[in-house]
Number of protein chains: 2
Amino acid sequence: MAYRETEKMRLRKAENRQRILACAQQLVMEGGFRNAQVTQVASLAEVATGTIYRHFASKEELFAEVFRNATRREVQNVSESLAQPGDAIQRLELALTRFAQRALNRPVMAWALIAEPVDPVVEAERLQYRKAYADLFEQAIREGMSEGSIPAQDAGSSSTCLVGAIAESLVGPLSPAQGGYGEATKTINTDTLVNSIVRFCLQGLTGTGR
Amino acid sequence: MAYRETEKMRLRKAENRQRILACAQQLVMEGGFRNAQVTQVASLAEVATGTIYRHFASKEELFAEVFRNATRREVQNVSESLAQPGDAIQRLELALTRFAQRALNRPVMAWALIAEPVDPVVEAERLQYRKAYADLFEQAIREGMSEGSIPAQDAGSSSTCLVGAIAESLVGPLSPAQGGYGEATKTINTDTLVNSIVRFCLQGLTGTGR
DNA sequence: TGTAGAAGTGAATCATTATTCATTTATTGT
DNA sequence: ACAATAAATGAATAATGATTCACTTCTACA
């Protein structure tokens, strides 16, 4: 008798899987989920269409994983911002600012994650992902309430409002229908925009202008 | 020679067109855009598939019009709320409250208008529709700034934040993935939820708790 | 009643993509 | 080298649904 899966082989398979994911992600980054077809992914990854299905149960699963990966990084970033030193307000300010700036720097990907119409499985991921942000914010708000920097309130509702306010504020600038920001306008308005959003959000939380 | 379009005929055509629109809307109200196919619309309206195409250039056009109609009513409602007597804050409070309550009363339609993934033409309508709300809010904020009930701020950014905060707060409750609100929970939590959202929004604008 | 023109019909067609699977190619241990 | 097994291939198939169009039915008017 003969074939037994060897370490080398397991590694190669893992690499292929990774490459497929990376290529799928690249396509999303370039043109959103809409023009990332299985065939495209395969040809970019230099494998046959059928190979994709050796690694992923369906297109939806593949792209759900792409979504999760892209998202994990963003959530991680927010999480780290909220773990910096400072009171809850300062940390939330940092997190919101960084989130917005990162989105504006990778507009197509951000739009795909935040607002692009996607199929139901990916949409389910999106709901989770928004929930993940909201949970992080909620935690920070609770901490603020304990330490006294944020007045008593329904932390859950407030956190959802934060997510919504920032997401909506980015949709316009990010939306390809609007052409996104032109390169020229970009650097000029980004900071002002981010400032206004953050101001509104913090004020919504604290009831205090700065 | 013979046929000349008569008044009676023009009327009948208009009625058919209307009926098609109404049936399409009904389907959206029942199951969102996703399960509103041209064939379904035709059969519900008791016309042949081909007839749809006598009245609308394409499926996308048809549903874009459905979207516009549904939307017009909502925007109208907000507009009316903002035209009530009272200072800007009071009027905004009314508008936000009514908007949220109406959405929670027609959850499937609201979800379709606010958050369901839709094709690009309808998505373009959605952006306009969100813009329409934002514009109304922006106007009210400006009035508030003039009359002194709202402190100086970027009215444009703030209005977008309002739209986002309220939309996001509704997505969870409305989303069919979450099953929407169960009937039981519905009446219990609706008011609390709406209150929290509105509180956050007004505070975001004014920097003042109530 | 005849006929020119318009409206309505719905089965057939087209378009787009995801998915399959019979076949080929690679890998492993004897 | 060979047998046993797994991985890779990609053309063919399947599925979904929008759209068309040759034909039928209806309307208006002389």
Side-chain angles (χ1 to χ4, degrees), chain A residues 1-21 23-24 27-28 31-67 116-123, chain B residues 1-21 23-24 27-28 31-67 116-123:
Chain A
M1 63 231 43
Y3 192 92
R4 186 66 11 136
E5 181 179 71
T6 183
E7 191 52 27
K8 173 188 162 197
M9 221 33 203
R10 188 186 343 276
L11 218 74
R12 164 148 24 152
K13 274 209 289 180
E15 272 167 24
N16 276 356
R17 201 188 133 93
Q18 270 315 111
R19 194 169 69 260
I20 290 167
L21 275 171
C23 292
L27 286 174
V28 172
F33 288 96
R34 189 174 172 69
N35 45 338
Q37 294 91 358
V38 176
T39 312
Q40 294 264 325
V41 175
S43 96
L44 189 59
E46 296 178 299
V47 296
T49 324
T51 304
I52 304 272
Y53 289 86
R54 250 164 210 288
H55 294 282
F56 302 91
S58 68
K59 183 199 173 173
E60 297 201 330
E61 286 300 321
L62 164 60
F63 283 101
E65 191 159 337
V66 169
F67 193 98
E116 184 184 2
V118 292
D119 68 53
V121 174
V122 176
E123 181 66 24
Chain B
M1 59 227 48
Y3 193 91
R4 185 73 2 143
E5 182 179 70
T6 184
E7 191 53 26
K8 172 186 161 198
M9 220 34 203
R10 188 185 345 273
L11 221 72
R12 168 153 14 155
K13 274 209 290 180
E15 273 167 22
N16 276 357
R17 201 188 133 94
Q18 270 316 111
R19 193 169 68 260
I20 290 167
L21 275 171
C23 292
L27 287 174
V28 171
F33 287 96
R34 188 175 172 69
N35 47 337
Q37 294 91 358
V38 175
T39 312
Q40 294 264 324
V41 175
S43 96
L44 189 59
E46 295 179 302
V47 296
T49 325
T51 304
I52 305 272
Y53 288 85
R54 264 173 196 283
H55 294 283
F56 302 91
S58 67
K59 183 198 173 172
E60 297 201 331
E61 287 299 320
L62 165 60
F63 283 101
E65 192 159 335
V66 168
F67 192 98
E116 185 185 2
V118 292
D119 68 53
V121 174
V122 176
E123 182 65 24

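Every value quoted in this text rests on a predicted model; they were computed, and no experiment measured them. So that the names make sense, note that chain A is the first sequence line, chain B the second, and so on, each numbered from 1.
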Practice problem: Between protein and nucleotides 14-24 of chain C, map the contacts as a letter string: B base, S sugar-phosphate only, - none, heavy atoms under 4.0 Å, written 5' to 3'. | Solution: ---SSBB----
Quiz item: Could you state the CZ-P distance from B:Phe33 to D:dG17, rounded to the nearest angstrom?
Solution: 16 Å
Practice problem: Not counting sequence neighbours, which residues clear side chain to side chain contact (heavy atoms under 4.5 Å, CB included) with A:Thr6? List them please. | Solution: A:Lys8, A:Met9
Practice problem: Round to a whole Å and report the spacing from CD1 of B:Ile52 to P of D:dG17. | Solution: 16 Å
Practice problem: List in numerical order all residues of residues 11-19 of chain B for which some heavy atom is under 4.0 Å away from an atom belonging to DNA chain C. | Solution: B:Lys13, B:Asn16
Quiz item: Distance from A:Leu27 atom CG to A:Gln40 atom CD, nearest 0.5 Å?
Solution: 6.0 Å
Quiz item: salt bridge (Lys or Arg N to Asp or Glu O under 4.0 Å) with A:Glu46: which residues, sequence neighbours excluded?
Solution: none
Practice problem: Please name all residues satisfying salt bridge (Lys or Arg N to Asp or Glu O under 4.0 Å) with A:Glu116, sequence neighbours left out, ordered by chain then number. | Solution: none
Which atom pairs, donor and acceptor, lie under 3.5 Å between side-chain atoms of residues 56-66 of chain A and protein residues at least two apart or in another chain?
residue	atom	partner	partner atom	Å
A:Ser58	OG	A:Glu60	N	3.4
A:Ser58	OG	A:Glu61	N	3.2
A:Glu65	OE1	A:Arg17	NH2	2.7
A:Glu65	OE2	A:Arg17	NH2	2.5

Exercise. Rounded off to whole Å, could you give me the NZ-to-C1' distance for the B:Lys8 and D:dC29 pair?
Key: 13 Å
Quiz item: Any idea which of D:dA7, C:dT9, D:dG10 is nearest the A:Met9 side chain?
Solution: D:dA7
Self-check item: Nearest-angstrom distance from the residue atom NE2 of B:His55 to P of D:dT19
Solution: 16 Å
Quiz item: Can you list the residues that meet the side chain to side chain contact (heavy atoms under 4.5 Å, CB included) rule with A:Arg54, with sequence neighbours excluded?
Solution: none
Quiz prompt | Residue list, side chain to side chain contact (heavy atoms under 4.5 Å, CB included) with B:Glu15, at least two apart or on another chain | solution = B:Leu11
Quiz item: Taking CD from B:Gln40 and P from D:dG17, how many angstroms apart are they, rounded to a whole number?
Solution: 10 Å
Exercise. Round to the nearest Å and state the distance from B:Glu5 atom CD to D:dC26 atom P.
Key: 19 Å
Quiz item: Taking only residues two or more places apart in sequence or in another chain, which ones pass side chain to side chain contact (heavy atoms under 4.5 Å, CB included) with B:Thr49?
Solution: B:Val38
Quiz prompt | Spacing of B:Arg10 atom CZ relative to D:dT27 atom P, expressed in whole Å | solution = 16 Å
Quiz item: Quick one: are A:Arg10 and A:Lys13 in side-chain contact, heavy atoms under 4.5 Å?
Solution: no
